[in-house]
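Heads up: the structure comes next, in structure tokens.
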Amino acid sequence: MKELPKTYDPKAVESKIYDLWMSRDCFKAKADRSKKPFSIVMPPPNVTGQLHMGHALDSTLQDILTRYKRMQGYAALWLPGTDHAGIATQIKVEEDLRVNEGLTRYDLGREKFLDRVWAWKDKYGGRIVEQQKVLGSSCDWSRSRFTMDETCARAVREAFCRLYDKGLIYKGSRIINWCPHCRTALSDAEVEYKDQPGNFWYIKYPIKDSDEFLTIATTRPETMLGDSGVAVNPADEKYAHLVGKTAILPLVGRELPIVADEYVELGFGTGAVKMTPCHDPNDYEVGQRHNLEQILVMDEDAKIINGGKYNGMDRYEARKAIVEDLEERGYLVKVEPHAHNVGTCYRCGTTVEPMTSPQWFVKMKPLAAEAIRTVRDGDVKFVPERFTKIYMNWMENVHDWCISRQLWWGHQIPAWHCTDCGRITVSRNDADECEHCHSKNIRREEDVLDTWFSSALWPFSTMGWPEKTEDLDYWYPTSVMVTGYDIIFFWVSRMIFSGMEHMKKHPFDTVFIHGLVRDSQGRKMSKSLGNGIDPLEMAEKYGADALRFNLITGNSPGNDMRFYVEKCEAMRNFCNKIWNASRFVMMNLTIEKNELPESLELEDKWILSKLNDVTKEVCENMDRFELGVAAAKIYDFIWDSYCDWFIELCKPRLNSDNAAANVSAQKVLLYVLTEILKLLHPFMPFITEEIWQSLPHEGDALMMDSYPVFKTELSFPEDESSFEMVMEAIKAVRARRAEMNVPPSRKSHLIIVTDKREAFENGEGFICKLAYAAEVSVSADAPGSTEGMVSVVTDNARMFMPMADLVDFEMERARINKELANAEKQLQSQNAKLANENFVSRAPENVVNAEREKKAKLEALIDNLTESLKQLG
RNA sequence: GGAGGCUUAGCUCAGCUGGUUAGAGCGCACGCCUCACACGCGUGAGGUCGACAGUUCGAGUCUGUCAGUCUCCACCA
């Protein structure tokens, strides 16, 4: 017997329990051929990042799945790690450098700067890992990977070389998205489009050797410095005579060929479009088709080059100056306000500049084909299913992926440029000569790879690829990938095509997509808004279990959720409820072994049967990734069935002098409690483990115990419903008493008239206690007189309570009449339903039977009501 | 322009393949310190499931139209 504190104190428990798991190697996964494999690789958080609510949700889902499968006997691997997060990390270190030392990375030089980043990584890299542990994450930390560790670096290099050798990676000057703040190229996926107010500037372009001119509308007048043509629609009669002629670029004087291209939309703007192939993706395409000159007019800082007097101006300064000049010289026709979508950098929010630049690309079409096929074939399933379409749509329209970044922090591209022959050598080992001309005059490509290039290999690079490892053989493809919908394009799709290409197999069977955690007003949590809620603070205050339960209940897969601190409180209360139920069981415990008694009471059968039902439902929901539904079922079972009913039902036995009865109650209480802890463990690992450790048990840890399964021998549907008759009677009496404001302290005699005497006699004790009766008498016959009695009627019993002072004869009559009318109304609709030939013949048998049963119950209720009424006279 | 989500109790949301009188948490009302728990117990009020039409014996659930709202993709210079 143990005395535990009245309230559950997570702080006193959580780190202790986590240490216990660690010390017993509970998280360690072994490729055990006698078991079935289950694997999840963790989406690696940024190595220098801090845990936010999104991580907390992500990790909780993965932990629940992993713990569930582990308890089901799978060899469950949850493989953690961190991401070097190229831009994000580099920006942080640069910022630190600037603030503390007033230096830029260029002041330090590449090598010294990288030393600083590694130092930074060493300093902060462990932080997020420790934060994961607070949540109870059961990852195999011994396998933890980092996207820039040796294993991953080798995988990146191998993948790059393979793709290059196959011609799927190439270097070329293409139009890309440039972030002037981060000073690097970005992929299409890294650009976020945002509506911004702007203007349409209408500018006159004179026609050479003519008095005519074209009016052109543009949102970006500064790019005119790079104009090398004007385009009109070939079907546009207005301009047909100008096609083939030449326009003169105002301010600059450059001659611009006028070309006809379908790209120009009829009826939009003025119908004539200036072409700036170096600074607009569409113009680039048109330029390719018509051989227009490429004139780059901005540098890496988005300052003007090749622009005469405007050189050195920032793009916005240049815009202002150019518009002024145009106006002054009479070229500006008008200005109209015009909102348009501007691409911004997803890291820093700066407006990106489209520009041509020599970059490295992955050729996507051939890779996409396989990535589409494997999803279409159902090898990879999205949960919820609707995300399949989003993925497909993206994959079908994917452009080549710009993978080079002008950063220093990342995987440096393994390519060497020959200064003699100008060709490129790509190599798995560092090259010392040009593979084409064998010149020693080579220099390494300075660019690094997009962070997502290494993330794309994560499901297999973490398991040792390109080596043929036991882990890969056993756990790849992984079972589930858990991640947010915001990252499908960045990551999920790239893992799929990378897996198909390098492993010849899809990387995971299921992609389990979750939504965003928003604040209580539905806004995205963000640093700038300052509305973020710190998961660690919540865990500290309410316990990690409460936080986890909060995050996974009351919402459905793929949908955003709002975070309410109040809900944490409610979940904390639930923890406390479990704690106290356990405390109660322990206080009454004299047995030392968890086993069911030889013979079971009716209430035992009831709870065991209910437990069996809930076990089945929980597993069904878990297997469909309906974790929230599963959790809610466990919650209800614990609070309603076990605490509110079963514990109360056991008290008479526990308090009786009958030792055998006492022990049998203990046994069932303990058995069901233990099963509850198992069911709940994946969701609330700490409190369940803590309690389990204090109960009689076998084995090292609850988390290594086996998950409950449905047991046919413990299914008692008849006893279940028979017992529920008694429960219904109790509820009915309580309701009636509450209605009349009778305090519990006022007990009353309760006469029960029923033809189910056995069930009610059996339940006498419970009825007495739970329905506040002084004594209960069960009989088949009604008392001679019911004068001064309150009557309570269910479909299985008529009950009478002598409470003369509270009863008004007419009131009783009226109430029963009301109930009768209500029941008859229901019966009527029930009869109508069953009289419907179509229903009876077409509806499934079990549905029809259920309706018949309902009808029978109503009839019984009506009989009882009528009887009671008769008795009232 | 295209795709998708959401609209259910005062608030936030569940409700899976159509089948009782539509549920939960919080909030609210009434009564209770009933020997595990006031972070609790008991009882209750509160919803024509966005609108309209259709399919069906039967629709919160399926189909269509519309409205409001949010998101993603594409992007017209």
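Chain identifiers are assigned alphabetically (A, B, ...) following the order of the sequence lines, protein sequences preceding nucleic acid strands; residue numbering begins at 1 within each chain.
Comparing the P positions of B:rG15 and B:rU34 gives an interatomic distance of 39 Å, to the nearest angstrom. Comparing the C1' positions of B:rA59 and B:rG54 gives an interatomic distance of 11 Å, to the nearest angstrom. To the nearest whole angstrom, the two C1' atoms, one in B:rA74 and one in B:rG4, are 14 Å apart. Between B:rA3 and B:rA24, the distance separating the two P atoms is 39 Å to the nearest Å.
Nucleic acid contact for A:Trp201: none, since no nucleic acid atom lies under 4.0 Å from a heavy atom of the residue. Within the 4.0 angstrom heavy-atom criterion, base atoms lie near A:Lys854. In this structure, A:Lys651 reaches the bases: a heavy-atom distance under 4.0 Å links it to at least one base atom across the strands shown. Among the protein residues, A:Phe489 comes within range of the sugar-phosphate backbone only, with heavy atoms under 4.0 Å from sugar or phosphate atoms but none that close to a base.
Under a 4.0 Å N-O distance rule, the pair A:Arg220/A:Glu353 qualifies as a salt bridge.
Shown here are the side chain to side chain contact (heavy atoms under 4.5 Å, CB included) partners of A:Lys633, two or more places apart in sequence or in another chain: A:Val614, A:Glu617, A:Val618, A:Asn621, A:Val629. For A:Asp657, there are no side chain to side chain contact (heavy atoms under 4.5 Å, CB included) partners two or more places apart in sequence or in a different chain.
Side-chain atoms of A:Asn341 and base atoms of B:rC75 include a donor and an acceptor less than 3.5 Å apart. For A:Lys6 against B:rC37, no side-chain N or O and base N or O form a donor-acceptor pair under 3.5 Å.
Near RNA chain B, meaning a heavy atom under 4.0 Å from it, residues 641-649 of chain A has A:Cys643, A:Asp644, A:Ile647, A:Glu648 in order of number.
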Atom pairs and distances, side-chain donor-acceptor, residues 381-390 of chain A, under 3.5 Å, sequence neighbours left out:
from	atom 1	to	atom 2	distance (Å)
A:Lys381	NZ	A:Gly378	O	3.4
A:Arg386	NH2	A:Asn559	OD1	2.9
A:Thr388	OG1	A:Glu385	O	2.6

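Taking for each of A:Ser582 and A:Arg562 the nucleotide of RNA chain B with the nearest heavy atom, the 5'-most of the two is the partner of A:Arg562. Nucleotides of RNA chain B nearest to A:Gly554 and A:Arg624 differ in position, and the one nearer the 5' end is that of A:Gly554.
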Exercise. Where each pair must be Watson-Crick or G-U wobble with both distances under 3.5 Å, what dot-bracket representation of RNA chain B is obtained, with crossing pairs in [ ] and other-strand partners as |?
Worked result: (((((((..((((.....[...)))).(((((.......))))).....(((((..]....))))))))))))....
Problem set entry | nucleotides 25-30 of chain B: protein proximity per nucleotide (B base, S sugar-phosphate only, - neither; heavy atom, under 4.0 Å) | S----S
